[in-house]
Amino acid sequence: MENLLRLVDHEEFFSRRCIWVNGPVIVGAGPSGLATAACLREQGVPFMVLEREDCIASLWQKRTYDRLKLHLPKQFCQLPKLPFPADFPEYPSKKQFIQYLESYATKFEINPRFNECVQFARYDETSGLWRVKTKTSASAEFEYICRWLVVATGENAECVVPDIDGLADFKGDVIHAADYKSGEKFRGKKVLVVGCGNSGMELSLDLCNYNASPSMVVRSSVHVLPRKICRKSTFELAVMLMKWLPLWLVDKLLLILAWLVLGNIAKYGLKRPAEGPLQLKNSKGKTPVLDIGALEKIRSGDIKVVPGIKKLNGFSVELVNGEEHDVDAVVLATGYRSNVPCWLQEGEFFSKNGFPKSPFPNGWKGNSGLYAVGFTRRGLSGASSDAIRIAQDIGHVWKQDTKQKKKTTTACHRRCISQF
Ligand SMILES: Cc1cc2nc3c(=O)[nH]c(=O)nc-3n(C[C@H](O)[C@H](O)[C@H](O)COP(=O)(O)OP(=O)(O)OC[C@H]3O[C@@H](n4cnc5c(N)ncnc54)[C@H](O)[C@@H]3O)c2cc1C
Ligand SMILES: NC(=O)C1=CN([C@@H]2O[C@H](COP(=O)(O)OP(=O)(O)OC[C@H]3O[C@@H](n4cnc5c(N)ncnc54)[C@H](OP(=O)(O)O)[C@@H]3O)[C@@H](O)[C@H]2O)C=CC1
Ligand SMILES: O=C(O)C(=O)Cc1c[nH]c2ccccc12
């Protein structure tokens with residue numbers, strides 16, 4: 001009986017609807033998906049965007065802290081075909097960036113299907129088409145059939161939660177950086193911030209601004225660069241130097257300049273990795289920290305730097321150096337990962353870590369109409385150049401096909417007429 005009921009439920013609520021999509025299906029309505037959709041719109045190619053959340057740019061709208069600003073200058077963060085408004089500051093705030101993305105979606109008439117999470121996608125050899133299965137927040141299922149599949153789910157699709165001894169039994173609050181909004185609820189508290197990437201540094205700084213006492217865990221090493229060198233953005237300087245010099249030399253110069261501006265930061269527990277900052281970004285995807293004020297708080301002792309964690313215990317932490325500290329709350333600024341291996345049934349183009357196997361600049365196009373946008377570890381500017389390439393590639397085939405179709409229709413028409 002129970003099984004029968006289950007079957008009825010299944011029939012009633014989970015019947016799958018099949019939808020043919022004329023043009024590509026784009027999975028994800030973040031900046032990458034929006035940029036690809038806008039470029040396709042310009043090429044006259046129809047598309048469908050599927051988004052698991054109920055809004056565009058969900059990472060920015062729902063999983064980032066209030067005080068966040070873009071950390072690269074605005075000219076490196078705008079999407080194709082629509083510059084930022086002229087009155088935007090050099091480093092737009094999260095609110096301004098979201099406002100820009102909303103107007104971007106409106107301008108290019110991008111209307112994603114929201115609350116639809118892609119659970120499974122595979123290429124069907126027999127038909128030469130992609131089959132994309134989704135589940136809505138109301139548990140309805142859909143299947144989209146299309147010729148092209150654009151993966152735009154991002155490098156930050158899921159939170160990395162490390163396996164720390166005693167974490168599950170820790171008595172205070174534990175949150176991931178993605179759920180941190182502001183230091184308001186941590187006023188006066190001792191907060192252990194695990195991780196020292198841009199998130200760990202900026203959340204520790206935010207905690208100081210709310211009179212909390214952050215201790216930031218640096219278990220290995222980190223590159224900290226000033227955001228500006230001689231009033232020029234460090235990132236812009238690096239981009240300029242890269243036009244003339246090899247990567248290793250640009251790294252050397254950046255490190256010399258960083259030393260001149262910041263001094264020796266190893267004495268605060270911030271050891272530099274053996275690889276240079278850009279080299280490391282390329283090889284391991286580890287973004288250098290662009291300092292917006294955390295370093296000053298580290299120097300003043302407002303942010304304590306501590307080594308790796310041995311284990312958590314009730315309301316305290318034991319560190320690898322044997323020290324024990326009281327802790328009221330833990331913020332895991334331990335990074336993110338791609339979720340592509342969870343839903344894309346494909347083993348050629350994407351590797352097990354959810355990133356395309358071919359490095360930049362070849363990681364945007366796979367076989368059988370598969371594309372990836374925003375996986376080159378080059379932030380928003382990398383996503384923009386992927387989007388332009390993808391839309392050109394699909395647009396080219398689309399136009400040829402349309403011409404071909406017109407020809408066949410005319411020929412057929414003539415044949416029909418001649419038959420009369
Ligand atoms: C805190 C923070 C700050 C950053 N600041 C900068 C910066 O200043 N400059 C810069 O260049 N880069 C920055 N980045 C890098 C960031 O990767 C880009 O800004 C940008 O968000 C990437 O866009 P995306 O569309 O590729 O991914 P996302 O913005 O993550 O969008 C992916 C979308 O796909 C959806 N999705 C995921 N899985 C599924 C599924 N199975 N089915 C349906 N939908 C799905 C998600 O809900 C999401 O809306 C920052 C990242 C973080 C975390
Ligand atoms: N203003 C902005 O524009 C901002 C941009 N960002 C971007 O978002 C992306 C993600 O950044 P972020 O969230 O900082 O993630 P990252 O992946 O850059 O950093 C993760 C950090 O967590 C540490 N970590 C992981 N596991 C453990 C563990 N078990 N114990 C101790 N430490 C651990 C890592 O250390 P280890 O290196 O030893 O593995 C590393 O320091 C980056 O591209 C970043 O630039 C983030 C915040 C602000
Ligand atoms: O902020 C991010 O996550 C980025 O990926 C932006 C970015 C791309 N390339 C870089 C090199 C140095 C610092 C930041 C970036």
Side-chain angles (χ1 to χ4, degrees), residues 26-36 49-53 55-65 67-74 76-77 91-92 94 97 101 112-121 132 134-135 151-164 167 176-178 193-203 216-223 225 234-235 238-239 254 273 277-278 280-282 284-290 292 307-309 332-340 342-344 373-384 386:
I26 301 170
V27 187
S32 297
L34 296 177
T36 311
V49 184
L50 304 174
E51 168 57 53
R52 65 180 172 184
E53 295 288 338
C55 61
I56 60 156
S58 66
L59 173 72
W60 286 86
Q61 303 224 47
K62 297 191 167 186
R63 297 165 63 215
T64 49
Y65 49 96
R67 210 188 278 261
L68 175 65
K69 285 185 178 169
L70 292 176
H71 73 167
L72 303 185
K74 61 177 175 178
F76 297 104
C77 296
Y91 297 100
K94 141 170 144 170
F97 186 54
L101 293 173
R113 284 178 71 111
F114 290 118
N115 298 309
E116 274 198 50
C117 186
V118 173
Q119 308 228 294
F120 182 83
V132 184
T134 66
K135 197 171 199 171
V151 178
T153 44
E155 299 170 353
N156 310 111
E158 311 296 334
C159 299
V160 169
V161 176
D163 191 12
I164 299 172
L167 183 64
H176 190 274
V193 177
V194 187
C196 59
N198 278 297
S199 296
M201 291 276 182
E202 291 191 16
L203 299 194
M216 186 177 68
V217 176
V218 183
R219 70 165 172 187
S220 60
S221 54
V222 57
H223 275 302
L225 303 174
T234 307
F235 185 80
V239 171
L254 285 178
L278 299 181
L280 196 63
K281 175 81 177 151
N282 273 354
K284 311 238 166 55
K286 203 170 162 186
T287 317
V289 169
L290 291 172
I292 59 160
I309 299 168
L332 299 171
T334 41
Y336 301 84
R337 63 184 150 79
S338 159
N339 67 4
V340 176
C342 306
W343 61 269
L344 183 65
V373 49
F375 289 93
T376 57
R377 290 163 167 154
R378 277 167 170 74
L380 294 158
S381 65
S384 293
D386 290 340

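Atoms within a ligand are numbered from 1 in the order they appear, just like the ligands themselves.
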- Please check if the side chain of His223 supplies one atom and the backbone of Thr287 the other of a donor-acceptor pair under 3.5 Å. no
- Query: Any idea which heavy atoms bring Gly382 and Thr376 closest together, and the distance?
  - Reply: CA-OG1, 3.9 Å
- Is there a side-chain contact between Ile164 and Leu332, using heavy atoms and a 4.5 Å cut-off? yes
- Query: Does the side chain of Trp343 reach to within under 4.5 Å of the side chain of Val27, using non-hydrogen atoms?
  - Reply: yes
- Under 4.0 Å from ligand 3, counting heavy atoms only: the protein residues, by chain and number: His71, Leu72, Phe235, Lys281, Thr287, Pro288, Arg378, Gly379
- Do other residues, nucleotides or ligands put more than 12 heavy atoms under 6.0 Å from Lys69 NZ? no
Check ligand 1 against the protein and report each N/O to N/O distance under 3.5 Å, formatted as atom name, atom name, distance.
from	atom 1	to	atom 2	distance (Å)
ligand 1	8 (O)	His71	N	2.9
ligand 1	11 (O)	Leu380	N	2.7
ligand 1	17 (O)	Asn156	OD1	2.9
ligand 1	19 (O)	Trp60	NE1	3.4
ligand 1	21 (O)	Trp60	NE1	2.9
ligand 1	25 (O)	Pro31	N	3.2
ligand 1	25 (O)	Ser32	N	2.9
ligand 1	25 (O)	Ser32	OG	3.3
ligand 1	26 (O)	Ser32	OG	2.6
ligand 1	38 (N)	Asn339	ND2	3.0
ligand 1	41 (N)	Val118	O	3.1
ligand 1	42 (N)	Val118	N	2.9
ligand 1	44 (N)	Arg52	N	3.1
ligand 1	47 (O)	Glu51	OE2	2.7
ligand 1	47 (O)	Arg52	NE	2.9
ligand 1	47 (O)	Ser58	OG	3.0
ligand 1	49 (O)	Glu51	OE1	2.8
ligand 1	49 (O)	Glu51	OE2	3.2
ligand 1	49 (O)	Ser58	OG	2.7

Which pairs would a plain distance check flag for residues 193-202, meaning a side-chain donor or acceptor within less than 3.5 Å of a matching protein atom at least two apart in sequence or in another chain?
from	atom 1	to	atom 2	distance (Å)
Asn198	OD1	Leu290	N	3.2
Asn198	ND2	Pro288	O	3.1
Glu202	OE1	Tyr65	OH	2.3

- Query: For the side chain of Glu51 and the backbone of Pro112, is there at least one donor-acceptor N/O pair under 3.5 Å apart?
  - Reply: no
- Message: Within the structure provided, determine whether Leu380 and Leu70 are in side-chain contact (heavy-atom separation under 4.5 Å).
- Response: yes
- Query: Is Asp386 close to Phe375 at the side-chain level, that is, under 4.5 Å between some pair of heavy atoms?
  - Reply: no
- Task: Working to the nearest 0.5 Å, report the span between CZ of Arg378 and OG of Ser384.
- Result: 13.5 Å
- Item | Ion pair Arg52/Glu158, N-O distance below 4.0 Å | yes
- Message: Under a plain distance cut-off of 3.5 Å, with no hydrogens placed, do Thr134 and Glu116 share a side-chain donor-acceptor pair?
- Response: yes
- Counting only non-hydrogen atoms and a 4.0 Å cut-off, the residues near ligand 2 are Tyr65, Leu68, Lys69, His71, Pro162, Val194, Gly195, Cys196, Gly197, Asn198, Ser199, Glu202, Val217, Arg219, Ser220, Lys286, Thr287, Ala333, Thr334, Gly335, Tyr336
- Message: As an exercise, state the distance from CG of Leu59 to OH of Tyr336, rounded to the nearest 0.5 Å.
- Response: 6.5 Å
